[in-house]
Amino acid sequence: MKIKLFKQEIEGSSIRQIERSSGEVLKNCYQCGNCSGGCPVSYEMDLPPSQAIRFLQLGKVEEVKKANSMWLCVGCQQCFSRCPKSVSAANLFEALRQMSLRQGKDHREIRDLPVSFLEKAPQQAIVCGFRKLVS
Amino acid sequence: MKIPYYPGCTLNTVAKGFDVSARESARALGFEMEELGQWNCCGASFPLSPDNLMGLTAPAKVLASAARMGDAVTTLCSVCYNVLKRTNKALRDDGEKRSVVTGFIEEEYDGSTEVIHFLEVLRDRVGFDRVRESVKRPLGGIRAAAYYGCMLLRPAGEVGIDRHEGPTIMEDLLSVLGCEPVDFPNKIECCGAHLAMTRTDVVERLSGNVLESAVDCGAEVVVTSCPLCQYNLEKSQAKVAERRAGYRHVPVVYFTQLLGIALGQSDEMAGLGENRWDVRPLLEAKGV
Amino acid sequence: MDEKDVSRTAQDSKGGFEPRIMAFVCNWCTYAGADLAGTSRMEYKENVRIVKLPCTGRIDPLFIIKAFENGADGVLVSGCHPGDCHYTTGNYHARRRWIAFRSLMEFVGIDLRRLHFSWVSASEALKWVDLINNVTDEVRKLGPFAEYKGLKQGW
Amino acid sequence: MARIGVFICQCGNNIESTVDTKSVSEEMEKVPGVVFSCNYKFMCSSPGQEMLKEAIKKHKLDGVVVSACSPHMHEKTFRKACESAGLNPYRCEIANIREQCSWVHHDKTKKTGTVKSNDLTRMTIERLKRNRPLKKINIPVNKRALVIGGGIAGIQAALDIAEGGREVILVEKEPSIGGNMARLSETFPTMDCSQCILTPKMVEAELHERIKIYTYSEVEGLDGYIGNFTVRIRKKAKYVDEELCTGCGECIEKCPFKASSEFELGLNKRKVIYTPFPQAVPNIPVIDAPNCTMIQKGKCGVCAKVCGPKAIDFEQTDEIVEEKVGAVVVATGYELMPNERFGEYGYGRIKDVINGLQFERLASSSGPTGGEIRRPSDGKVPESVVFIQCVGSRDEAKGVSYCSKICCMYTAKHTMLYKHKVHEGQAYVFYMDIRAGGKRYEEFTRRAIEDEGAMYLRGRVSRVYERGGKVVVQGADTLSASQVEIEADMVVLATAIVSRTGADTLAQRLGIGYDRYRFYNEYHPKLRPVETVNAGIYLAGACVGPMDIPESVSMGSAAASKVLALFSADEMAREPIVAGVDKTRCNACWDCLVACPYSAIEKEEVKNRQGETVRWNARVNEGVCQGCGVCVAACRSKVIDLAGYTDEQVYAAISAF
Ligand SMILES: Cc1cc2nc3c(=O)[nH]c(=O)nc-3n(C[C@H](O)[C@H](O)[C@H](O)COP(=O)(O)OP(=O)(O)OC[C@H]3O[C@@H](n4cnc5c(N)ncnc54)[C@H](O)[C@@H]3O)c2cc1C
Ligand SMILES: Cc1cc2nc3c(=O)[nH]c(=O)nc-3n(C[C@H](O)[C@H](O)[C@H](O)COP(=O)(O)OP(=O)(O)OC[C@H]3O[C@@H](n4cnc5c(N)ncnc54)[C@H](O)[C@@H]3O)c2cc1C
Ligand code: SF4
Ligand code: SF4
Ligand code: SF4
Ligand code: SF4
Ligand code: SF4
Ligand code: SF4
Ligand code: SF4
Ligand code: SF4
């Protein structure tokens, strides 16, 4: 990939919104990779947590939005609990999801869910899932 | 002793055994779990964006309701525990948030109610020694792997019933009950949680890793504290069996079920029939 | 010469042949390493006798020939590791000298398998122990160095 | 016939448990020359030592062998005891029957240990028989020090030595002391202004009654040895009489010609008669002869006309002075690697590509822009600056393989200085690793990133080129696995710290070692970091390798304390384990001279009464010889020998085996 860096993007409004919404400061991350090392789903992510954060640091929000990472993050907080700089990738992914959901784009349609699931699955899974994936 | 108790929606439906075995055990140990007079679903996820106050309202209502009954509220489900505890902290520490949220739910609440997990009640209020004395049917050295998952432990400093990297509270209880606790590397790893809705492949892999790791360490039964963990672990066994020749399903039970049995409850009361893989043959084999 | 024979007999009385090994070591590294083996109470073959010198660079090749003439079955030279010499480059001089010296040794009829070079630092007690044990075993296999003693002339 | 006493120690049970000391003692009585032999429980105890002393007196012993622990333990103890009983201490030798016998051979029957102890003791006796009494060598010490290089390291060393009460000669090749630190704006990690902390020290050195400064001077040669060096110093012609000049600056003001300023690294011009910077010490100008039309063509002379005290002297020539000193501190510092080597970065071709020291000058309030960050090409304030780290460092192919150690820190500092001066500016830093090991250093670099917003990109820059008034930087960010392009206004290269041009020549003059990068070698990198193999010559500062100011100052002080320790006695006592030449038999082949690692061997000329040279021979300088014995083994004529380890002694020990 080739990217051009601009101050306007690095300090752009999307970045500021993500920081506000997540309560995280992107510059604090020093890219040690611990989050990606411990994240149980990073193996499936287009951009593992640390790399997603890296693109945000560079001001490249779209790269991260394009990736599946935020929809895979389960909020287990393993990343945060082991981050030496107390950065929570979970919070950042939440912020990105919110950004996306607030634009009214659902990640999961209820009617796509199998009936068997709705019958058997614990309520909490359904409630939680809807909160995370649906606007 | 009476303790206000928040069951949460799942324990009222698919995880009945979890609920009943706990209430009965409490009774056997000489205290009462007093269900909140009025409660709603906690939302099953703590809002990770600090600017999302909406997500705090549901748990705040639960807490306000609990405050009317006592100075503490106990829960069983790890997720409820996590959500209530974090919400409580947010309301206690952040005056601004508190006034917005309480204003919205039109109830007074200052964050002073303590949120404690049932395990903590047993350890800190009842005492494991008391539990030991009350055991009627020691569990015959059954090798039990305590699975904590995420929500009981993280984020450290906000929740955390025990050391967040090496908890032993559940093992300590299990050994009091006559089990032989099995330590295993994946005991604090995630089961896949709500991805059950979207990505069963991921859930099967994560939960499968938990199961395999426990079995490799010699577990005969896996013990949980969360209906979602329970569901994911049970559901994923088929996949593990598929990829691993000679794999034998392990029963997955709530810790309260084993507690109930040890305290002398009937199998029905402990809800053993609700589990997908029956733990009874194993107990019988151990002479329980 | 009487005393010498006493000790020789004592060793032989154990049964088989026990080689006599003379070690030329530098004061700073190998001698200290051998001391450490002692303070650590390690155990090794008793066949070695040490001659301490300031530096391996002090070792005159003739010392070695002299040792063989005097009844040594094996000779060991050990000093600081290259680059660690207490005298900065003394061991380097020694090394250069040995290269020329090897052919001389062969010329005068010394089996080079009886001559060992090593580097043992002040902290390598274990290496010293292994070295002595290995050299002893190897020289024992070669048997007594009787041929050479015949050549002895007075100094 | 020798009268030797032998003392076998039991060391409680440490030796006795595997060595029959009584039998060893009896065995030794039979050795010719031994007149007394005994065994005792604790030889090093007071009664043990008393026993030794009495035996020396009673049996008129002329030599003592103690068979006990390692000589590294108690050789000194027993030699002292002998000395107090009137015996030459070097007539006492130790046989190591503990560390190298009783402790490593666990045969409880005592057979093995006893036999070996017999051998070891006998070998030691034979060595001792052939040992001569030796006397400690005393060398007089000339208590003045020479410091070469007037950077912060040299200034610190000079001040500490002078404060310790000794005289110092400080030689600096530039017209002013101060070194590279004088160029810096503010200094990490505390960000204090470099001039503010350096200038007082420079002035203190200038005014110190025990410091004599030679500026514009270089060391031409050094003779002698520790305590007794003679140094030849070339004072280059300044064309200004230092005695007469008042430092008024009138000449500088009026000189009509300019040349590029070395101090400003080409960012500015200076007059042909100049001081390198306003706070120069001494504040005496020099004339840059190659650029002075008077000196070159005999035309001008304006400075001479305006100089009130008539200090200008066009006839001045270089002068050689000699000084006698007892110790030398070398503190000649570093340079930056010439960036021209890196064509891809455009240094020298693109005006707005500069190096770290040039950036320091731009940021310095006394610099060419008065402290405003303006780019060299058009004076514009750069909206974004790209800093490139590790230029030439960690680059085996085109540069040096080592890490320059301070550039990570000064680059972080530069981004802060830039941000403080250009609030809206964006700093980018390309780095491979951030190496900030030091007290408060990591925190400092994090501050640059977290508080000051420097954008750090992990990767190297591949090329830099101009496009429409911008400097385009193309590199990589390996963290996001992307190729990165930045349109910047200025580029700052953190180029490798390298040794001074000519560092090797100076080392050869001083007889000290240097590595493949011409940085000077410490005697031991950990345990003797400010000493060199040439006793009496010490090191300080960045001439040893890249280092920052705190380290340079520590080394300066450490070197000074070594010098002061040396100067604390009038004479220096040395172990007499030194080589000696039988001069009449030496055939002057110089094999020993080549072999000696310390250059302790000199050529000695022997003349007859008519003053004609009759022959040459080798001579060992006892002040320099360290007693390694390399020369002894090198001498094919067998005419050089090492006291305490003579050939005769070694052969005797071998024969007793
Ligand atoms: C861009 C840059 C920024 C830096 N910023 C910082 C900082 O913020 N903080 C920090 O701690 N360090 C900083 N440093 C490092 C600092 O410059 C050095 O640590 C320090 O200057 C070393 O001092 P020195 O006395 O050893 O050498 P130098 O300063 O190089 O002094 C050596 C002196 O010896 C003289 N000399 C050389 N050869 C001879 C000779 N043959 N005869 C006589 N005299 C001779 C020279 O003219 C010079 O005056 C920085 C370095 C660079 C390149
Ligand atoms: C794992 C490891 C590996 C290392 N490897 C290397 C290496 O390879 N190379 C290298 O150069 N460095 C290495 N080091 C660093 C090295 O250990 C230190 O630089 C060095 O030991 C520091 O020496 P010191 O004398 O300052 O402190 P210390 O070695 O800590 O000595 C301090 C002494 O003071 C005593 N003391 C403390 N308080 C008091 C008191 N109140 N009163 C009286 N006495 C007191 C202590 O008991 C101790 O004996 C390594 C360090 C570690 C941890
Ligand atoms: S663990 Fe923390 S500091 Fe490390 S890469 Fe992840 S977020 Fe950044
Ligand atoms: S919270 Fe999300 S990003 Fe963090 S470890 Fe869990 S799944 Fe990975
Ligand atoms: S002299 Fe050495 S061997 Fe003898 S008692 Fe003292 S320590 Fe032990
Ligand atoms: S004018 Fe004369 S006195 Fe004044 S600085 Fe120049 S040389 Fe010195
Ligand atoms: S003589 Fe030389 S130094 Fe003096 S004013 Fe003229 S050019 Fe300048
Ligand atoms: S100090 Fe930093 S910039 Fe300098 S060479 Fe080392 S790693 Fe590169
Ligand atoms: S003994 Fe070593 S230091 Fe002394 S003169 Fe000989 S070679 Fe040089
Ligand atoms: S090697 Fe021997 S003969 Fe040659 S110069 Fe040195 S002392 Fe003289």
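All values derive from a computational prediction rather than experimental measurement. So that the names make sense, note that chain A is the first sequence line, chain B the second, and so on, each numbered from 1.
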How long is the gap from CD on D:Q100 to CG on C:D35, to the nearest 0.5 Å?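 Nearest 0.5 Å value for the CD-CG distance: 5.0 Å.
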Nearest 0.5 Å, what's the CG-CD distance between D:D107 and C:E46? 7.5 Å
Is there side-chain contact between [X] and [Y], with heavy atoms separated by less than 4.5 Å?
{"X": "D:V650", "Y": "C:K66", "result": "no"}
{"X": "C:Y44", "Y": "D:H105", "result": "yes"}
{"X": "D:D119", "Y": "C:R20", "result": "yes"}
{"X": "C:P54", "Y": "D:I577", "result": "no"}

Please say whether the positively charged group of C:R58, taken as NZ for Lys or CZ for Arg, lies over the ring of D:Y645, i.e. under 6.0 angstrom from the six-membered ring centre and within 45 degrees of the axis. no
Run the side-chain contact (heavy atoms from CB on, under 4.5 Å) check on D:S655 and C:E69 step by step: do they pass? CA-CA 9 Å; D:S655 302; C:E69 281 180 357; over 6 Å; no
Largest heavy-atom contact set with chain C, pairs under 4.5 Å, which of D:G627, D:G644, D:A653: D:G627
Taking side chain as everything from C-beta outward and backbone as N, CA, C, O, which of these in [X] sits under 4.5 Å from a heavy atom of chain D? Side chain, backbone, both or neither.
{"X": "C:K45", "value": "backbone"}
{"X": "C:I21", "value": "backbone"}
{"X": "C:V129", "value": "neither"}
{"X": "C:Y31", "value": "both"}
{"X": "C:I50", "value": "both"}

Under a 4.5 Å heavy-atom cutoff, which of C:T56, C:T39, C:L36 has the most pairs with chain D?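 Option with the greatest count: C:T39.
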Heavy atoms only, distances under 4.5 angstrom: which of C:A37, C:G38, C:C26 has the most pairs with chain D? Name it, please.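 When all of C:A37, C:G38, C:C26 are compared, C:G38 has the most.
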So, the part of D:N521 with a heavy atom under 4.5 Å from chain C: the answer is neither
For the pair C:R49 (side chain) and D:M123 (backbone), establish whether a donor and an acceptor sit closer than 3.5 Å, ignoring hydrogens and angles.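 Checked: no pair found.
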Parallel, tilted or perpendicular: which describes the rings of D:H72 and C:W28, with under 30° parallel and over 60° perpendicular?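 Because their plane-to-plane angle is under 30°, the rings of D:H72 and C:W28 count as parallel.
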Over all heavy atoms of both residues, which pair between C:R41 and D:H106 is shortest? Give the atoms and the distance, please. O-CE1, 3.3 Å
Mind listing the closest non-hydrogen atom pair of C:G57 and D:A633 along with its distance? O-CB, 3.3 Å
